[in-house]
Amino acid sequence: MMAVLFDFSGTLFRIESTESWLRAVLDEAEIALPEAELSQAAKALHVAGALPGGAPPAQLPDSLAEMWPIRDRSAELHRAAYTGLSRQVPLPEPALHDALYDRHMTPAAWAPYPDAAEVLYGLCERGIGIGVVSNIGWDLRPIFREHNLDRFVDTYVLSYEHGIQKPDPRLFAVACEALKVEPKDVLMIGDDRRADGGAAALGCRVHMVDHLPASERPDALRAVLDLVD
């Protein structure tokens, strides 16, 4: 392997819990809710699928049915889709729905998986190129910088910047071209068999990890080092 491509959410990084997400926004707005109400609202947001990078919607509203499959093609679609889900849940102030969306784009909302730095460092030591290919509606580069992982990444290919989203092979092709490698020499690591598996159509090798809380997935990325050796 000459290069490894990584998905972002659920692969290298994990989003905070829905309760932590809501609590941080309420604290910032200086709004106090009884614990029972906060917990109930957090559970409702979880079921609604309102947290990007979190659980998918239990039931997609008809009003979002056309937008949802293409939400990662632009920043505007992404925000509209997720705030649309959030607004299904009553909150003390309407502005909190946009505040929740803004919160999820901050470094504080994300944590790298425990073995992410070790594996990225190991790939760099081996001279292997590293790319991040993500279906996303915002710039994740500050997340990598804040967690001191940007030093390992050679290229970022983000769906909203190209108007293309995985599993479209063209998005993976952009990454291969940026790294100056042939797809047959590339390994794609992801957590979504449909989206990340699209790299196989280009000729890349694909390896899956489970989208789990960081505490439940301490070392799944370490297999990558064995796969490239």
Side-chain angles (χ1 to χ4, degrees), residues 7-113 134-144 146-147 158-161 163 165-166 190-192 194-195 210-217:
D7 173 52
F8 167 58
S9 174
T11 300
L12 285 176
F13 281 81
R14 173 75 183 197
I15 191 70
E16 65 186 331
S17 70
T18 310
E19 184 170 323
S20 171
W21 178 52
L22 176 59
R23 191 182 297 276
V25 168
L26 291 172
D27 288 347
E28 180 68 21
E30 299 183 346
I31 295 174
L33 281 183
E35 282 298 312
E37 288 185 27
L38 191 152
S39 179
Q40 183 177 16
K43 287 178 182 177
L45 288 166
H46 177 83
V47 170
L51 174 59
Q59 184 173 357
L60 192 65
D62 291 342
S63 60
L64 298 177
E66 291 186 10
M67 182 188 304
W68 187 253
I70 59 170
R71 65 192 181 280
D72 295 312
R73 292 186 189 175
S74 76
E76 295 77 16
L77 286 170
H78 195 269
R79 177 181 282 272
Y82 282 101
T83 55
L85 293 174
S86 174
R87 288 190 174 96
Q88 295 180 96
V89 179
L91 294 177
E93 297 288 344
L96 289 173
H97 297 288
D98 278 309
L100 283 169
Y101 185 85
D102 292 340
R103 161 75 185 183
H104 105 275
M105 296 187 287
T106 65
W110 295 89
Y113 278 93
S134 177
N135 279 353
I136 198 165
W138 49 276
D139 186 3
L140 53 71
R141 294 174 183 86
I143 309 296
F144 281 79
E146 180 68 21
H147 292 281
L158 312 181
S159 60
Y160 85 102
E161 293 182 337
Q165 61 188 55
K166 299 180 290 188
D191 67 296
D192 186 319
R194 178 181 176 275
D210 293 324
H211 189 153
L212 294 170
S215 61
E216 297 176 25
R217 211 198 77 191

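Note: hydrogens, waters and symmetry copies are ignored here, and every other heavy atom, side chains too, is used. None of the values given here were measured: they were computed from a predicted structure.
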**Study point:** Spatial distance of atom CG (Leu158) from atom CG (Leu140) [nearest 0.5 Å]
**Key:** 4.5 Å
Practice item. Flag the pair Leu60 / Leu85 as yes when at least one side-chain heavy-atom distance between them is below 4.5 Å, and no otherwise. Key: yes
Point to revise | Greater than 12 external heavy atoms within 6.0 Å of His46's NE2 | key: no
Practice item. Using modelled atom types only, decide if a donor and an acceptor are shared between the side chain of Thr106 and the backbone of Arg103 within a distance under 3.5 Å. Key: yes
Exercise for review: Look up atom OH in Tyr160 and atom CG in Asp139, then write down how far apart they are to the nearest 0.5 Å.
Suggested key: 4.5 Å
Practice item. State whether the number of non-hydrogen atoms from other residues, nucleotides or ligands found under 6.0 Å of Glu216 atom CD is greater than 12. Key: yes
Study note, to complete from the structure: Between Arg71 and Ala81, the two heavy atoms sitting closest are CB-CB, 3.9 Å
Exercise for review: Inspect the surroundings of CG in Asp27 and state if more than 12 heavy atoms from other residues, nucleotides or ligands are less than 6.0 Å away.
Suggested key: yes
Review point. Is Leu96 close to Ile31 at the side-chain level, that is, under 4.5 Å between some pair of heavy atoms?
Key: yes
Review point. Would you say the side chain of Leu91 lies within less than 4.5 Å of the side chain of Leu26, judging by non-hydrogen atoms?
Key: no
Point to revise | is_close_aromatic(Tyr101, His97), centroid dist under 6.0 Å | key: no
Practice item. Quick one: pull up CD in Glu161 and OG in Ser74 and give me the separation to the nearest 0.5 Å. Key: 12.0 Å
Practice item. Can you see which heavy atom on Gly10 is nearest to which on Arg217, and at what distance? Key: O-NH1, 2.9 Å
Review point. Of Glu35, Glu16, Glu28, which meets side chain to side chain donor-acceptor pair (under 3.5 Å) against Arg23?
Key: Glu35
Practice item. Give the intermediate values and the outcome of salt bridge (charged side-chain N to carboxylate O under 4.0 Å, His left out) for residues Lys166 and Asp7. Key: CA-CA 10 Å; Lys166 299 180 290 188; Asp7 173 52; 2.9 Å; yes
Review point. So which heavy atom on Pro52 is nearest to which on Ile15, and how close?
Key: O-CG1, 3.8 Å
Exercise for review: Look up atom CG in Asn135 and atom CG in Asp72, then write down how far apart they are to the nearest 0.5 Å.
Suggested key: 4.5 Å
Check your understanding: Looking only at heavy atoms, what is the nearest atom pair of Glu19 and Ala42, with distance?
Key -> CA-CB, 3.8 Å
Practice item. Taking all non-hydrogen atoms of both residues into account, name the closest pair between Phe8 and Ser134 and its distance. Key: CB-OG, 3.8 Å
Exercise for review: List the atom of Ala48, the atom of Gln88, and the distance in Å for their closest heavy-atom pair.
Suggested key: CB-NE2, 3.7 Å
Check your understanding: Using 30° and 60° as the class limits, which term best fits the ring planes of Trp138 and His104: parallel, tilted or perpendicular?
Key -> perpendicular
Review point. Which value, rounded to the nearest 0.5 Å, describes the distance between Glu93 atom CD and Asp98 atom CG?
Key: 13.0 Å
Check your understanding: From Leu45 CG over to Leu51 CG, what is the distance, rounded to the nearest 0.5 angstrom?
Key -> 8.5 Å
Check your understanding: Would you say His211 and Ser9 make side-chain contact, with heavy atoms under 4.5 Å?
Key -> yes
